[in-house]
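Okay, structure first, notes after.
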Amino acid sequence: MAEKSRIGVTGLAVMGANLARNMARRGFTVAVHNRTTAKTTQFIEDYGHEGAFTGSESLQDFVDALQTPRTIVVMVKAGKPVDAVIDELAPLLDEGDIIVDAGNSHFPDTDRRTAHCAELGLRFMGIGVSGGEEGALNGPSIMPGGDPAAYAEIADVLTAIAANVDGTPCCTHVGPGGAGHYVKMVHNGIEYADIQLIAEAYDLLTHVGGLSAPEIGTIFEQWNTGDLESFLIEITGIVLAKTDERTGGPLVDVITDQAEQKGTGRWTAIDALDLGVPLTGITEAVFARTLSALRDERQAASTTLAGPAPKPAADVDRLVDDVRQALYASKVVAYAQGFAQMRAASQANGWDLDLGAMARIWRGGCIIRAQFLNRITEAYESHPDLDNLLMVPYFTEAVGNAQDAWRRVVVTATEHGVAIPAFSSSLSYYDGYRRERGPANLIQGLRDYFGAHTYHRIDADGAFHTRWSQDGAEVRTD
Ligand code: NBP
């Protein structure tokens with residue numbers, strides 16, 4: 001009888017196949033299965049030589065091929081397919097077996113599946129995997145959520161296949177239930193903001209700076225040697241430098257300007273609204289994608305709605321440096337907001353998230369990997385109860401130093417009619433957050449006028465209402 005496999009992977013589309021290959025390359029024995037058998041056969045044909053795989057046609061054979069207690073990684077399309085696979089697997093499994101959902105599941109689904117599996121005597125883990133197909137094969141960032149004891153049993157595999165930075169695997173137990181998928185969701189949301197900020201920088205350098213795509217590509221290449229050093233800045237340089245084989249011009253110039261999305265950014269924004277966390281950068285990035293999708297409407301509006309007359313920038317070198325600083329400051333704000341959201345979720349759900357560790361496991365393998373994540377880890381190591389990243393000296397100084405350039409960029413973009421929702425909302429957040437007294441006193445006054453919603457006074461305890469349309473007197477209401 002063949003040796004039983006350490007771990008199983010069901011779902012052999014690009015992500016599952018690459019994760020299984022990564023595991024086998026690290027010396028683990030891997031059972032593989034796919035709903036459509038032809039994909040399993042093809043997988044064994046293509047990659048069977050890379051490691052110790054056992055391919056199975058039926059789920060029963062797949063389950064039988066595993067060492068007990070079994071660990072089964074489910075890597076199928078997020079949503080109903082995950083439930084379908086759990087329903088099919090559950091009757092074939094034994095108490096204590098572990099089902100790992102490594103897809104992009106929504107965290108409430110993970111909480112629900114964790115409870116459902118527990119009722120069946122099974123252990124369920126929801127793990128976030130970032131890095132796309134390349135990461136899955138060569139080392140992703142892994143965000144495991146679920147029972148810590150179950151994690152301990154599979155940590156050898158997960159830490160071995162994860163990316164590794166300075167000898168530290170980009171994988172650590174995140175928290176119970178849906179915590180891993182939650183952190184992956186916010187990671188994706190931050191990715192939306194990062195990408196939107198890069199797009200706005202490109203837009204400004206194109207339409208105000210008058211620079212070509214390859215020229216901007218070279219600028220991004222330079223930026224990647226400084227504070228902005230990151231995977232996304234690096235690949236922006238590469239994408240902008242790419243020549244289109246058909247036209248001989250820059251490839252980006254012939255790509256339609258409609259951004260698609262799979263939903264994780266939207267989930268992050270919705271969750272921020274539910275939690276009451278101001279998450280302007282990510283939310284504006286989601287809205288910018290939805291606005292980009294209205295291509296027909298935009299084309300009609302472009303010949304109807306007035307904008308300012310075009311005028312070139314007076315000093316392009318200064319614009320380039322201002323945009324670099326605005327990009328950095330806005331990025332700091334986007335991360336500050338994302339981490340504030342994770343902190344709020346951690347408190348609301350009792351997850352006890354180690355936010356410094358989250359930044360640490362994002363340093364390698366994932367799409368938002370960046371030098372500056374080290375600074376976030378350091379910030380939470382020195383201030384574990386930090387309310388907002390902007391309040392640690394490194395970031396306070398970084399954003400403070402950039403603010404003049406940041407304000408000039410927002411003014412310039414506005415004067416030139418270039419939409420910069422992420423740059424400007426980040427700056428407004430910064431200005432709103434640093435205000436000792438904002439204008440919400442008037443909001444409360446208005447709410448009290450039209451709805452008797454009451455207000456609090458700065459000079460007295462309690463809730464008050466003014467009888468605006470009666471005698472105008474103020475009454476205490478609590
Ligand atoms: P897909 O998301 O395209 O899903 C395809 C897989 O799901 C196939 O193996 C398919 O089997 C299986 N499947 C479906 Br669809 N319905 C099923 C059902 N009812 N029962 C059993 N199997 C079913 O694959 P992917 O792009 O590899 O992504 C997998 C997961 O990883 C997703 O959650 C995705 O969001 C996440 N993710 C993807 C990336 C990326 O870069 N692609 C990055 C990070 C995370 P079949 O062959 O029989 O149709």
Side-chain angles (χ1 to χ4, degrees), residues 1-76 81-82 84-103 113-114 116-118 120-127 129 136-140 142 144 146-162 169 171 173 180:
M1 208 172 122
E3 191 195 335
K4 302 241 182 195
S5 298
R6 165 73 182 85
I7 193 159
V9 177
T10 181
L12 297 176
V14 59
M15 290 297 287
N18 282 357
L19 270 188
R21 292 172 65 200
N22 185 348
M23 290 168 187
R25 288 174 178 188
R26 304 279 166 190
F28 297 101
T29 48
V30 188
V32 290
H33 170 269
N34 192 74
R35 177 181 62 174
T36 308
T37 301
K39 233 179 236 175
T40 314
T41 312
Q42 192 66 48
F43 177 90
I44 296 291
E45 219 174 285
D46 293 344
Y47 309 117
H49 63 280
E50 288 185 3
F53 293 112
T54 303
S56 300
E57 285 192 17
S58 72
L59 261 188
Q60 183 67 65
D61 288 349
F62 172 64
V63 166
D64 291 343
L66 291 165
Q67 294 167 16
T68 51
R70 301 175 184 87
T71 302
I72 295 177
V73 176
V74 178
M75 205 46 168
V76 300
V82 178
V85 172
I86 293 170
D87 287 347
E88 283 175 56
L89 272 175
L92 312 178
L93 298 179
D94 294 317
E95 189 165 344
D97 286 348
I98 303 170
I99 297 178
V100 178
D101 171 17
R113 287 168 187 147
T114 303
H116 175 59
C117 284
L120 302 172
L122 301 171
R123 294 180 289 171
F124 187 81
M125 294 208 62
I127 71 170
V129 176
L137 183 60
N138 297 317
I142 304 181
D147 174 16
Y151 174 69
E153 287 181 38
I154 61 171
D156 58 334
V157 182
L158 297 183
T159 53
I161 65 167
C171 172
H173 183 245

Under 4.0 Å between a side-chain nitrogen and a carboxylate oxygen: does that hold for Asp156 and Arg6? yes
Correct closest heavy-atom pair for Val9 and Ala20 would be CG2-CB, 4.0 Å
Rounded to the nearest 0.5 Å, what's the gap from NZ on Lys39 to NE2 on His33? Could you check? 12.0 Å
Would you check if Pro140 and Asn22 make a side-chain contact, meaning some heavy-atom pair closer than 4.5 Å? yes
Here the gap from Thr159 atom OG1 to Arg26 atom CZ, rounded to the nearest 0.5 Å, amounts to 10.5 Å
Is Gln67 reaching over with its side chain to a backbone N or O of Lys4, donor-acceptor style, under 3.5 angstrom? yes
I want to check something: taking the side chain as every heavy atom from C-beta on, are Asp101 and Val73 in contact at a cut-off of under 4.5 Å? no
Side-chain heavy-atom pair Phe124, Ile86 within 4.5 angstrom cut-off: yes
Would a 4.5 Å heavy-atom cut-off, applied to side chains only, mark Ser5 and Phe62 as touching? no
Look only at the side chain of His173 and the backbone of Ala152, and say whether a donor-acceptor pair between them is shorter than 3.5 Å. no
Atom pair CD (Glu57) and OG1 (Thr37), whose distance is rounded to the nearest 0.5 Å: 5.0 Å
Any donor and acceptor pair, going by atom type alone, linking the side chain of Ser58 with main-chain N or O of Asp61 inside 3.5 Å? yes
With Thr71 as reference, evaluate Val157, Ile154, Leu66 under the side-chain contact (heavy atoms from CB on, under 4.5 Å) test and give the passing residue. Ile154
Using side-chain contact (heavy atoms from CB on, under 4.5 Å) as the criterion, point out the one residue from Asn34, Val63, Ile72 that pairs with Thr10. Ile72
Hey, are the side chains of Glu153 and Ile98 touching, using non-hydrogen atoms and a 4.5 Å cut-off? yes
Does Val74 reach the side chain of Leu89, with side-chain heavy atoms less than 4.5 Å apart? yes
Is there a side-chain contact between Val32 and Thr54, using heavy atoms and a 4.5 Å cut-off? no
Indicate the atoms forming the closest heavy-atom contact of Phe53 with Ala24, along with that distance. CZ-CB, 3.3 Å
How far does CD1 of Ile44 sit from OG1 of Thr41, to the nearest 0.5 angstrom? 8.5 Å
Separation of Arg70 CZ from Leu92 CG (nearest 0.5 Å): 8.5 Å
Looking at Gln60, I want to see if its CD is surrounded by more than 12 non-hydrogen atoms of other residues, nucleotides or ligands under 6.0 Å. yes
Would you call Arg123 and Asp97 a salt bridge, using N to O less than 4.0 angstrom? no
For a side-chain contact (heavy atoms from CB on, under 4.5 Å) check, start with the C-alpha distance between Asp147 and Met125, then their side-chain angles and the critical distance, and finish with the verdict. CA-CA 7 Å; Asp147 174 16; Met125 294 208 62; 5.7 Å; no
Interatomic distance, Leu137 atom CG to Tyr47 atom OH [nearest 0.5 angstrom]: 8.5 Å
Close side-chain approach of Leu120 and His116, heavy atoms under 4.5 Å: yes
